[in-house]
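These numbers come from the heavy atoms of this one structure, side chains and all, not from hydrogens, waters or symmetry mates. Naming: A, B, ... by sequence-line order, numbering from 1 per chain.
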Protein chains: 2
Amino acid sequence: MSQSANKQITLKEVAEAAGVSVSTASRALAGKAEAYRISRSTERSVQAAAKRLQFQPSLLAKSLRSQRTKLLGVVLPNIANPFFASIAREITLAAEENEFSVLLADSQENGETEVHLVEQLQARQIEGLVVCPVGIQNQHLTKITRQNLPLVLVDRGFAHKDLVTVTSDHREGARVATKLLTDQGHHQIGVLQGLPDTLPNTERLRGYSEELKRCGITFDPTLIAGNHFDESSGYHAAHQLLSAHPEITALFAFSNQNALGALRATAELGRNIPDDLSLIAFDDHPFAAYLAAPLTSVCQDVSQLGRVAASLLMEQIKTGKQPIEKQHRIPVEIINRSSIAKFE
Amino acid sequence: MSQSANKQITLKEVAEAAGVSVSTASRALAGKAEAYRISRSTERSVQAAAKRLQFQPSLLAKSLRSQRTKLLGVVLPNIANPFFASIAREITLAAEENEFSVLLADSQENGETEVHLVEQLQARQIEGLVVCPVGIQNQHLTKITRQNLPLVLVDRGFAHKDLVTVTSDHREGARVATKLLTDQGHHQIGVLQGLPDTLPNTERLRGYSEELKRCGITFDPTLIAGNHFDESSGYHAAHQLLSAHPEITALFAFSNQNALGALRATAELGRNIPDDLSLIAFDDHPFAAYLAAPLTSVCQDVSQLGRVAASLLMEQIKTGKQPIEKQHRIPVEIINRSSIAKFE
DNA sequence: TTGAAAGCGCTAACAG
DNA sequence: CTGTTAGCGCTTTCAA
């Protein structure tokens, strides 16, 4: 019952069917009939044979020969996360426009896996790479740049400012979000943070503390809790903060998943938003408007993030040069709904 | 300033560095030293040279030679949709486990694009393909099966029952959802449908009408509206239905995006859920529990969908045989919340 | 125990 | 206008 996979038609067979040599067949099909002054008749017979046999040239062989694979690599921490899925999509669409294909890999938020996947992609001779790096270590990525393989980091990045990076303006977003809270009289603001030491988290913390400082509120590190951008972290952090600090009047969640966890925790605690507790979140969400307490949020332009990353990458591939500007910031937007109440 | 990309180290260079022939180098690195009785010393010197030069064998050349690419193709209508993103993720993880890589493509719900992408993937000599087909036309897919390229359809499928397909039990899900409504006394149930003539939509309609029949309610086709699984379709369909049929007491949305549109429409219309209108939706959502009216929904096991598709595919690749069972149904689960009220 | 050579499918330089 | 040939980087006979 096991049938061998149907052999692919090769150029050689097309050539034979058309009664010409492989080179002629190759040229005719590559649209170089003009340049090589191939007769109309042979050109047509080659095309006919190719069509008849349903010839599909092997991109594998083409790539080996030309040393150009038209392959892009994308490594993300979790493809199922809509945030990363949107980024993946934009890159894929840009790739398709340029006749590139995308090799997508999921590092599962694991640094070693990331290193392994990047190597694997390199072995496939990708022409460009987009990574949202998992960790704080980046040797394997600087190495890539040294090897002149076009690389763009997205969302997360490093202190190492030479790597091309596109990410949101986390600091400004967090600053404005915090201001929204302080403007309403909130002084005890708990933070549900994400993965510590990642660029987005660090910068958001910075924006938060800067705004506090501006208001003359002293920064209290015990008001920060959480260790991931996921629901579970938000849930536990909210519980912890709310029980240890009854004086907290507002929560700032660093992702919509964190906010989701906060929602679950506050529901359990019987705290009502916004009456008993104000809430603001990084990342908007389609459903945010229809929640029991329509969620005020800091909206990242995820598609734009992906598009900029993609164009930065394609540009590098086309020109062979790195962009002059390495650091790219995408502005965020505040969506004002009603999860924040005045505190007096 | 433009620097040429760093040439990859080839086996030849490793061989030279180790002072052996390419064949020996190849064998030593392939772990075939034993089989070929290569001396410990040469084996080690080859390995040392490879390591020193950071040799990464070209999978391109390997694939061309072995006619095995270890490449999977995945074509989905919209990667940014969390539903498809989850499927993509499961396939990717399964692939990574088996040392395969995944070529991901986005058909943008466009049949022609899908055909083109599938061809492109085939040209890259993928060893297996997962598609969520956009349309009702399937010639290009049956052709693939005829060519003995392992293929698995996911979510959507065709009447053509020979294609390996894994999808949810839409009919049963819709039947139970409808029963939830009829049990509460709802007889005028509007349907916010998705893309007509797709398998999920057709089967859901069937489950819906079967349940109505069982209750002795006559099926009214004018109670069906919508043409896509997206927010916009849900929004317009809800408006249309609610204005044309004031007698409607409940809405059945065929996707969570459709439900989102319904939420927007009902908010505009000032209809309160569940008091003025009951709502149930296909597809659960993390935020569903925290909506103003916690949404009762039919939850598909998306990860399972992806996992089954992946394992069906890997199995075909490994054995070279098609599975005996072509049609695979994943059970759905009803999540009872409070968007349905009794109607008397 | 190792090397030379062929060949996977394709393109391009060179030769008519 | 077209064919012959070499070679992309690798594995695997075949030969020693």
Whole angstrom value for the distance that separates P of D:dT2 from CZ of A:Arg44: 13 Å
In whole angstrom, give the distance that lies between atom CG of B:Leu59 and atom P of D:dC8. 18 Å
Checking C:dT2, D:dC1, C:dC10 against the side chain of A:Pro57 (C-beta onward), the nearest is C:dC10
Among C:dA4, C:dC10, D:dG3, which nucleotide sits nearest the side chain of A:Arg27? D:dG3
Does C:dA4 have OP1 or OP2 under 4.0 Å away from a side-chain N or O of B:Ser21? no
Between A:Arg307 and A:Gln304, a side-chain donor and acceptor under 3.5 Å: yes
Taking atom CD as the centre, does B:Glu325 end up with more than 12 heavy-atom neighbours from other residues, nucleotides or ligands that are less than 6.0 angstrom away? no
C:dA12 phosphate, OP1 or OP2, under 4.0 Å from A:Ser23 side-chain N/O: no
Look at all strands and tell whether A:Thr10 reaches a base, only sugar-phosphate, or nothing, counting heavy atoms closer than 4.0 Å. sugar-phosphate
Length of the line joining A:Lys12:NZ and D:dG3:C1', which is rounded to integer Å: 15 Å
Rounded to whole Å, how long is the line connecting atom CD of A:Glu43 with atom C1' of D:dC1? 12 Å
Candidates C:dC10, D:dG9, C:dG9 - which lies nearest the side chain of B:Ala61: D:dG9
Go through the side-chain N and O atoms of A:Ser39 and A:Ser41 and say whether any donor and acceptor fall under 3.5 Å apart. yes
Can you tell me if the side-chain N/O atoms of A:Gln125 get under 4.0 Å from OP1 or OP2 in D:dC8? no
Does C:dA12 have its OP1 or OP2 closer than 4.0 Å to a side-chain nitrogen or oxygen of A:Lys32? yes
Quick one: A:Gln8 CD to C:dC10 C1', roughly how many Å, whole number? 14 Å
Assess the side chains of B:Thr145 and B:Thr142: does a donor N or O sit below 3.5 Å from an acceptor N or O? no
For DNA chain C, whose closest nucleotide is more 5', that of A:Lys62 or that of B:Tyr36? B:Tyr36
Donor + acceptor pair across side chains of A:His140, A:Glu114 (<3.5 Å): yes
Rounded to whole angstrom units, what separation is found between the CD1 atom of B:Ile38 and the P atom of D:dT12? 13 Å
Roughly, in whole Å, what's the span from CZ in B:Arg124 to P in C:dC10? 14 Å
Note: for B:Leu64 and B:Ala25 on DNA chain C, the residue whose nearest nucleotide lies more 5' is B:Ala25
Rounded distance (Å) that lies between atom P of D:dC10 and atom NZ of B:Lys70: 17 Å
Counting just side-chain N and O atoms, does A:Ser58 come under 4.0 Å of either OP1 or OP2 of C:dG9? no
Name the nucleic acid region contacted by B:Thr42, choosing base, sugar-phosphate or nothing; use a 4.0 angstrom heavy-atom cut-off, strictly under. sugar-phosphate
